[in-house]
Structures are given as C-alpha cells and as structure tokens.
*Asks:* 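Structure provided below as structure tokens; questions to follow.
A, B, ... follow the sequence lines: proteins, then strands. Residue 1 opens every chain.
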Amino acid sequence: MKHKLTLYNSLTRKKETFIPINTPFVGLYACGPTVYGNAHLGHARQAIIFDILFRYLTYLGYKVRYVRNITDVGHLENDADDGEDKIERIARLEHIEPMEVVQQYINNYHKNMKQLNVLPPSIEPQASGHIIEQQEMIRKILKNGFAYEVNGSIYFDVEKYSKLHNYGILSGRNIDELQSYTRELSGQHEKRNPYDFALWKKASPEHIMHWQSEWSEGYPGWHLECSAMGTKYLGQTFDIHGGGMDLLFPHHECEIAQSVASNGTSHVKYWMHNNMITINDQKMSKSLNNFITLDQLFDGSHPILKKSFDPMTIRFFILQAHYRSTLDFSNEALIASEKGLKRLMKAIEQIKNIKPSLKSSVDIGSLESQCFIALNDDLNTSVALSFLFEAVKHINLLLENKETIDSKDLERLKNFMELITFDILGLKVFEEPVEDKKLENDLIEMIVDLRLKARAGKNFSTSDDIRDRMAKLGIILNDTKEGTTWEKQ
RNA sequence: GGUCGCGUGGCCGAGUGGCUAGGCAGAGGUCUGCAAAACCUUGUACGGCGGUUCGAAUCCGCCCGUGACCUCCA
C-alpha cells in the first residue's frame, strides 16, 4: 500500500501519516445523526466527509469496515439529566410509538444520503438495539471502580478516573476548570461532581423508553452507545473515529474515558472532526434553530432560499472547502457552486469528443500526482478540485485544437477525471427529471423548428419575438453553430 | 472566565517564509443577423501596529474584530 495519506489527529493536534493498526484492515467509526428531526446541511457535511474518507481508503486498497451509528435513545430534552428524551417527546406530542418516530427520520435520512450519493456504511447500528452491550460496559466500569450508583442511576466518577488517567486528553480540558465553570444545572443533586456524567439513568414513571437492569428500570447515558458499538464491531482499539467538532467535548472525551475505564485502553488511534456549516457566521444547528434541512434545500422550500439546489450542488459546495474549516452558507455561494459543477461535468462529458494527436502538449501525469498529493494531505478536496479545473481548461483547449494529446494520454485523462470526480469525490451526473415530459418537449421542439424557419427566411422580428416569449415562459433558446438548443431556467 | 480556532481580492474559498490555488461575479476576446450560451484571456488580495529575516500574507508579540466548545447538537 504505497501512499502517504496524512490525517489531522484531534488527539495530537497535528497531521500524522495514516498507518492502520492491522493492515490492510481499517476500522472507521463515525457518529451518525440523532433521529429526532430531519437531516440538515450540517449532517450532509459530516456524512459526505466520511463518505469520501471511506471511498478513498477503499481506493487505496484497504479493507474498510465503516460503522456509522444511529442515535435513537439517551438524548435528553432539558439541561438536566432527568429531562425527557427528545424522541419520546415527539412520540408523545404526535401520539405515535417512539420507534415510529425513529423509523420515520431514519427513512428520511437514508433518502437524503442516497440523494447526496453517500454510500451506505458497512454497519449502521442503532443505540436502542445495543442496550445489552451498553449494560455490559457499565458493569465493567463499575467493576473497575470508575462509577457509582445513586438511586438506581449509575454515574461515571470523573474525579477518580482523572487521578489515574488523563480526562481531557482529547479536548484539552482539566477538571479544575470544569469544576469552576460547569453551569449550575438542576437534577445534579445525585452526582458527586457536576462534571460526572450518567451511564445509566433510572426512568421516571412517565418515561416510556426504558429497559430492565439490575440497577433500575432505566435507559443508558448519553455517551455510552458509541463506546459500546464501536467496541462490538471494530474491536477494543480501532483506527479512525470521526464526527462533528461539536461532539469533541463532552461526547468523545467521555467515550475515551469509558473505554479506558472498562477496557484499560483508549479505543481510537486517529480522531477526526469536521467543522461546522455556518449561516451568517453562526453555527447552523438544531438548538439555534437556524438550520436548513436537506429536503428544503432540494425543493427550495425554505424562505431563505432563492431557488432549489440539486444534491450534487450541495456535495460540490461542501467539497470546495476543507473539512476542518467552517463553511458559510449563502445563496450566492451555492449558485457559484452550481455553475462550477456544471462546467466540470460538461468538460468530462466532452472528453469523448477530443481527437487524439501524435504528441501531447499537456502533462496529465503532473495533474494526476498533484491531485493525489492534495487528497493525501488530510483530504484536501478543495485543492484536488482546483486541479480538476486545471484539467477542465485543458479539455476545452483540446476541443478547440489549441492543445494536443496522444491517444494514451487521452485515455489516461479520461480515467483520471472519472476516478477522482465520480469514484473518490462521489459526484455524479445531474438526475434527469422523472416525470414524463414528452408532450411538453415535443411542443417546444415544434416551436423551435418554426422559429428556425423564420430565421432562415431572415424574418428576425418573428424569431426574436418567439425567443422573447419563450424566455418569459422560462424556456431559454440558444442559437449555436450546430442548431438551436433550449433549456429550462 | 477557561480551552481552541478564524480574519485572504466584489462573493465563496485553498494555501504558505521568496514561485498566479480554484470556483462565481466583473472586464476583454472568439463565435453570432442580434442576443444568449459556450469557450479563451484577465485580477497580484491576505484585519491593525511592532518585531525576527536578505525576504512575511505565511514565524513571534501586542491590539482589534469574530466564531466554536465548556448543556443537547454533525
């Protein structure tokens, strides 16, 4: 496996050469969505980034097992630990089963992921299906003395843990700071320290999602599922764990603590965190209620949107920024992406029309290697795309016979463009509209034909009138050497 | 208050001690009855003030602005 893939490791805060624990196998875990709402742009970014990592590692020849979980229990509505589960809340309000809520949002998430051309993960475990494993982990932590029971609930003893291990190793926090600034929240009377976190919570009578255990009828804590499911499917230590930057603390910090407390070892070699999508320079999130769902983006139904955007435009938009930078949403930025993507796709489509020469005036090898250098450099998709656009310029010049290429290089150019664009970056050709538009199309063709006759007779006032009136209906006519083309606005 | 970031040309967004990232928009050109589209060409920007250096937007210091995390959040 000859490559120099480097990844930024949040744990060491620097780029490191990627060396799997057990080549050629790679274990990759990414925190998936909490299914109490439709997926928004932020979820798309996370999914797309790890999709590209999955694709690229696979391309490099690794056998990747990619686990992306679904969080469907254990997320609480209020600040306190004894708040209502968010999924339960929706179930109660809508008079449906909690698992019905979960299923509904999972279905929608899958639909959106398919639209974005995100490959399904190897395993997609749900927290609710791994209660046994989570309880098992709690028992281990209890046995090792890093947790305590109060009234049927189990809490992780951060103070005790931090005497032997480094709590804060990932997020750079220390418990003195946490002590002094942790907010005063209700429902913390059971904890020994405010920074302790729940491993198991006793369910109150009105709680409808709960499971039997030796401690109480209850439900698992916030951070346990990823530790338990990661261990189950990828082993006690695995290669890469990813998620949004907002999960770094406390979620991932707690995960490390749980793994160390139960198994004695930290479970992850490389931690990767993607940055947030912002809107008006503020984080797009459910809690700020400033998010745009993917469905809204695709059909243009959110009031802030000037138009609808194709899923591939969204994917391209996300790839234009490096994953560790914030990316600011705006209509203008998306429209720019849409046009850029269209140009890229058109050029790839046109490669087949290039006529090979005896000699090449373009250096395909250099473009190719620079593109891979960019991808190897912590998945710099932005720079990789810039070389794709270099190639686009060459393709267009070749089409105009202003540059030359031999048949071997032409084949190489085609393969290179398709490999990067489709296989690794996961872009695809715009979907054709599904509805039957035959009559409409035939009518437009007929009008175009009549207009051409008028033009042939130099009856330009008629032909221009037709073009103007078509434009008003949203049909744009373009006269080219090869004839008249039309497109919908 | 603590921790960690960021501030790049009209917009988005890479990068980095000396060599034009790229996309969109704009400008010029090719094409065309005209227009549009398409294509080609084109932009010398890096918050402020000091310092280090032959040389800094890139390193260091200070200041200003701004964001994330410290509650659930991708």
*Asks:* Answer yes or no: does a side-chain N or O of K393(A) lie under 4.0 Å from OP1 or OP2 of C39(B)?
*Replies:*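 False: K393(A) side-chain N/O out of range (4.0 Å or more) of C39(B) OP1/OP2.
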*Asks:* Is the shortest side-chain N/O distance from R343(A) to OP1 or OP2 of C40(B) below 4.0 Å?
*Replies:*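 Yes, because at least one side-chain N or O of R343(A) sits under 4.0 Å from OP1 or OP2 of C40(B).
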*Asks:* Between K339(A) and A25(B), does any side-chain N or O lie under 4.0 Å from OP1 or OP2?
*Replies:* yes
*Asks:* If A68(B) has a Watson-Crick or G-U wobble mate with both distances under 3.5 Å, name it; if not, just say none.
*Replies:*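 WC or wobble partner is U3(B).
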*Asks:* Report the nucleotide, chosen from C12(B), A21(B), G23(B), that has the shortest atom-to-atom distance to any side-chain atom of F389(A).
*Replies:* G23(B)
*Asks:* Which listed nucleotide (A74(B), G13(B), C69(B)) is nearest to the side chain of A321(A)?
*Replies:*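 Ranking A74(B), G13(B), C69(B) by closest atom to the A321(A) side chain puts G13(B) first.
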*Asks:* Check the side chains of Q134(A) and W200(A) for a donor-acceptor pair under 3.5 angstrom, ignoring hydrogens and angles.
*Replies:*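 Absent: no donor and acceptor within the cut-off.
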*Asks:* If you only use heavy atoms from C-beta on, which nucleotide in G22(B), G13(B), A68(B) is closest to the side chain of E390(A)?
*Replies:*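 Given the options G22(B), G13(B), A68(B), the side chain of E390(A) is closest to G22(B).
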*Asks:* I'd like to know if the side chain of N331(A) reaches the main chain of K306(A), judged simply by a donor and an acceptor atom lying under 3.5 Å from each other, with no hydrogens or angles considered.
*Replies:* yes
*Asks:* Phosphate oxygens OP1/OP2 of A74(B): is one of them under 4.0 Å from a side-chain N or O of N274(A)?
*Replies:*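 Checking A74(B) against N274(A), no side-chain N or O comes under 4.0 Å of OP1 or OP2.
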*Asks:* Under 4.0 Å between a side-chain N or O of R455(A) and OP1 or OP2 of C34(B)?
*Replies:*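 No, because none of the side-chain N or O atoms of R455(A) sits under 4.0 Å from OP1 or OP2 of C34(B).
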*Asks:* For L41(A), answer base if it contacts any base atom (sugar-phosphate contacts may also be present), sugar-phosphate if it contacts only those atoms, and nothing otherwise; contact means non-hydrogen atoms under 4.0 Å.
*Replies:*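 Nothing, no nucleic acid heavy atom in range.
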*Asks:* Using a distance-only test with no angle check, is there a side-chain donor-acceptor pair under 3.5 angstrom linking K201(A) and Y155(A)?
*Replies:*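 Judged by distance alone, the side chains do pair up.
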*Asks:* Strictly below 4.0 Å: does K346(A) bring a side-chain N or O up to OP1 or OP2 of C39(B)?
*Replies:* no
*Asks:* Tell me whether F460(A) is stacked on the nucleobase of G33(B), counting only the six-membered base ring and applying the 5.5 Å and 30° thresholds.
*Replies:* yes
*Asks:* Using a cut-off of 4.0 Å on non-hydrogen atoms, how would the nucleic acid contact of D328(A) be classed: base, sugar-phosphate, or nothing?
*Replies:*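 Since only primed, P, OP1 and OP2 atoms lie under 4.0 Å of D328(A), the category is sugar-phosphate.
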*Asks:* Quick one: which of C34(B), C12(B), A74(B) gets closest to the side chain of D479(A)?
*Replies:*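 It is C34(B).
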*Asks:* Have a look at L397(A) and say if it touches a base, only the backbone sugar-phosphate, or nothing, with a 4.0 Å heavy-atom cut-off.
*Replies:*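 Sugar-phosphate only.
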*Asks:* Can you name the closest pair of heavy atoms from H322(A) and D377(A) and give their distance?
*Replies:*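 Of all heavy-atom pairs spanning H322(A) and D377(A), the closest is CE1-O, 4.4 Å.
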*Asks:* Identify which nucleotide among A74(B), G22(B), G33(B) has an atom closest to any side-chain atom of Q320(A), counting heavy atoms from C-beta outward.
*Replies:* G22(B)
*Asks:* Given C12(B), A68(B), U71(B), identify the nucleotide with an atom nearest to the side chain of W222(A).
*Replies:*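 My answer, after comparing the listed nucleotides, is U71(B).
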*Asks:* I want to verify a distance call: between C69(B), G22(B), G13(B), whose nearest atom is closest to the D246(A) side chain?
*Replies:*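 The listed nucleotide nearest to D246(A)'s side chain is C69(B).
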*Asks:* Would you say E418(A) and I348(A) make side-chain contact, with heavy atoms under 4.5 Å?
*Replies:* yes
*Asks:* Closest approach to the side chain of R173(A), judged atom by atom: which nucleotide of G13(B), G2(B), C34(B) is it?
*Replies:*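 Of the candidates, G2(B) comes closest.
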*Asks:* Think N380(A) has a side-chain N or O under 4.0 angstrom from the OP1 or OP2 of G15(B)?
*Replies:* yes
*Asks:* Examine G15(B): is either OP1 or OP2 under 4.0 Å from a nitrogen or oxygen in the side chain of S382(A)? Give yes or no.
*Replies:*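 The answer is no; no side-chain N or O of S382(A) sits under 4.0 Å from OP1 or OP2.
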*Asks:* Taking OP1 and OP2 of A14(B), is either one under 4.0 Å from a side-chain nitrogen or oxygen of S325(A)?
*Replies:* yes
